[in-house]
Amino acid sequence: MVASPDRPRKPRPTPDPGDLLDWYDRNRRVLPWRAAPGETPDPYRVWLSEIMLQQTTVRAVKPYFERFLGLFPTVHALAEAESEAVMRAWAGLGYYFRARNLHACAKAVVERFGGRFPAEEEALRSLPGVGPYTAAAIAAIAFDRRAVVVDGNVERVVTRLFAVEEALPRAKPVVRALTDGLTPARRPGDFAQAMMDLGATICSPRAPACGLCPFREPCAAREAGAAETYPRKERKAAGAPRRGAAFVALREDGAILLRTRPPKGLLGGMAEVPGSAWAADYDPRDALRDAPLAAPWRVAPGVVEHVFTHFPLSLTVLVAAVPEETPAPEGARWTRLEKLGEEALPNLMRKVVAHVLGG
DNA sequence: TATCCGTGGGG
DNA sequence: TCCCCAAGGAT
């Protein structure tokens, strides 16, 4: 039969979650925290991976996940670990409040649930660092409970599938309702993981591979030739750039001056070299008044640039060599350079040290 | 509800 | 280069 322009186009079919599950059975990604088909998932691994994967790419998470599992093989081991050891193991992964909540959550699971993760969403959501998404994901993936799992991938898939015109985050309730309607009673855990795999590999933010998609026929956005334009979003303004000064004090015996940031806020609880406050109107020519100790400070050529989620930062770095007997100022400490790798240094501070010492 | 919270990679 | 984005949560 020949298609006729006069004949109305075949109506879009309703999306069938079974099509997605079939696709998943053939194309599922192999991930370190994912149980093989037929295996029972380990809730500890599922939870650990879900926390790490919050706003963080699979590629970035993989080595951290393996390292954590080696250091803390069980939720008991993690609960009993030193806070400093957890922060150190997390250093470089970002969003450091996740590490604090991770530790607190492990303790809570041991104390309140006898070391076993609960399977109910409500109980899961009562744990530190576990919000609506993560609770639903653990319930579905670790316990195969039917839960409405909505992450960034699902938002993208669903807004395209149904051509949701409302912009995020206002569209969240609509997306959740649509996801609820799509979620099957059978294999809800695989369904959730399938949606995420689909969003990560086929239904990508740019240049989606619609030809390979199990939902290509029911997809409203694809039919309109506009898949890439979903989800609609309002873009938010970038933060004003800030400047500051950082001080690298090097003792003659090869130690560097460090301190620990306050537990809350930016880079909370992480290690840093002493520095000024960071402000839009900071003048690095006045940096000496912020020096942690009296020394022959010299300005290192260039600046260290770093981009946080909500503002860019330029740090002027000052360096000084000081005598071996120099005491550490109040709240600071000397750390031997060989042991710098054992410190909970965020990447910004690693950049500052490398800016001066190379490497 | 809006803002704050890191970092690295891709187009 | 610049901008966007990634398995969000807490306040």
Side-chain angles (χ1 to χ4, degrees), chain A residues 29 31-34 45-65 87 90-102 104-105 124-142 147-157 167-170 172-173 176 179 189 191-201 203-208 228-229 231 233-242 261-270 272 278 305-313 344-351:
Chain A
R29 288 180 293 175
L31 299 170
W33 46 86
R34 183 173 278 180
R45 288 174 165 243
V46 172
W47 162 73
L48 179 60
S49 68
E50 287 301 339
I51 302 299
M52 288 184 165
L53 286 162
Q54 288 167 3
Q55 297 292 287
T56 309
T57 57
V58 165
R59 176 183 308 189
V61 164
K62 274 181 180 171
Y64 282 86
F65 179 82
M87 300 306 288
W90 196 278
L93 198 52
Y95 284 140
Y96 297 101
F97 61 84
R98 290 185 298 172
R100 291 194 169 278
N101 283 336
L102 186 84
C105 184
L124 286 163
R125 220 179 299 122
S126 75
L127 293 166
V130 179
Y133 160 75
T134 305
I138 295 173
I141 297 171
V148 182
V149 181
V150 183
D151 73 330
N153 288 305
V154 175
E155 284 179 345
R156 189 168 55 255
V157 171
L168 289 172
R170 220 167 358 133
K172 278 178 182 289
R176 189 196 144 79
T179 307
F191 175 79
Q193 296 179 87
M195 288 287 276
M196 296 189 234
D197 277 18
L198 185 68
T201 62
C203 197
S204 46
R206 281 177 300 267
E228 197 170 348
T229 67
K233 274 183 188 178
E234 356 247 6
R235 56 168 293 198
K236 50 182 175 184
R242 302 182 198 178
R261 294 176 62 87
K264 296 194 175 185
L266 189 64
L267 305 175
M270 304 300 286
E272 67 174 0
W278 303 335
E305 305 276 2
H306 192 76
V307 180
F308 289 108
T309 305
H310 48 301
F311 68 91
L313 174 68
L345 277 186
N347 279 10
L348 165 62
M349 290 300 150
R350 296 189 184 278
K351 281 190 207 174

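All heavy atoms count here, side chains included; hydrogens, waters and symmetry mates do not.
The nearest pair of heavy atoms linking I51(A) to R98(A) is O-NH1, 3.1 Å. For the residue pair M349(A) and L345(A), the shortest heavy atom distance occurs at CB-CD2, 3.8 Å. Minimum heavy-atom separation, S204(A) to P208(A): OG-CA, 3.5 Å. Across all their heavy atoms, Q54(A) and G129(A) have their closest contact at NE2-O, 3.5 Å. Nearest heavy atom pair, residue E50(A) against residue Y133(A), reads OE1-OH, 2.7 Å.
The CG atom of L198(A) sits 13 Å away from the P atom of dA6(C) (whole-angstrom rounding). Nucleotide dA7(C) holds its P atom 19 Å from the OH atom of Y64(A), rounded to whole Å. Atom P of nucleotide dC3(C) and atom NZ of K233(A) are separated by 16 Å, given to the nearest angstrom. When the C1' atom of dC2(C) is taken as reference, atom CZ of F311(A) falls 19 Å away, rounded to whole Å. Atom CD of Q55(A) and atom C1' of dA10(C) are 13 Å apart (whole Å). When rounded to the nearest whole Å, the span between CE of M196(A) and C1' of dC5(C) equals 17 Å. Between the CZ atom of R206(A) and the P atom of dC3(C) there is a distance of 13 Å, given to the nearest Å. Put simply, CH2 on W47(A) is 14 Å from C1' on dG9(C), counting in whole angstrom units.
As judged by a 4.0 angstrom heavy-atom cut-off over every strand, P169(A) is placed among residues making no nucleic acid contact. The residue L31(A) sits close to a base: some heavy atom pair falls under 4.0 Å. Nucleic acid contact for V307(A): base, since at least one base atom lies under 4.0 Å from a heavy atom of the residue. Residue-level contact check: S49(A) touches neither bases nor backbone, having no heavy atom under 4.0 Å from any strand. Among the atoms of the strands shown, only primed sugar atoms or phosphate atoms (P, OP1, OP2) are found under 4.0 Å from some heavy atom of L267(A). Heavy atoms of G265(A) sit under 4.0 angstrom from primed sugar atoms or phosphate atoms, though from no base atom. If you check every strand for non-hydrogen atoms under 4.0 Å, R350(A) touches nothing.
Running 5' to 3' along DNA chain B, contacts with non-hydrogen atoms of chain A at under 4.0 Å begin and end at dC4(B) to dG11(B).
Toward the 5' end of DNA chain C, the nearer of the two residues F97(A) and K264(A), judged by each one's closest nucleotide, is F97(A). Summary of the strand contacts: E50(A) and R125(A) both lie near DNA chain C, and taking for each the nucleotide with the nearest heavy atom, the more 5' one is attributed to E50(A).
Partner of E272(A) under the salt bridge (Lys or Arg N to Asp or Glu O under 4.0 Å) criterion, out of R350(A), K351(A), R261(A): R261(A) alone.
dG8(B) and dG9(C) are spaced 23 Å apart, taking the P atom of each and rounding to whole Å. Rounded to the nearest Å, the gap between the P atom of dC5(B) and that of dA7(C) is 23 Å.
A donor and an acceptor atom never sit less than 3.5 Å apart when one is taken from the side chain of R59(A) and the other from the base of dA7(C).
Counting heavy atoms from C-beta outward, N153(A) and R156(A) have side chains that approach closer than 4.5 Å.
Taking a cutoff of 4.0 Å between a charged side-chain nitrogen and a carboxylate oxygen, E155(A) and K172(A) qualify as a salt bridge.
You'll find that the side chain of R34(A) is closest to dA7(C), out of dC5(C), dG8(C), dA7(C).
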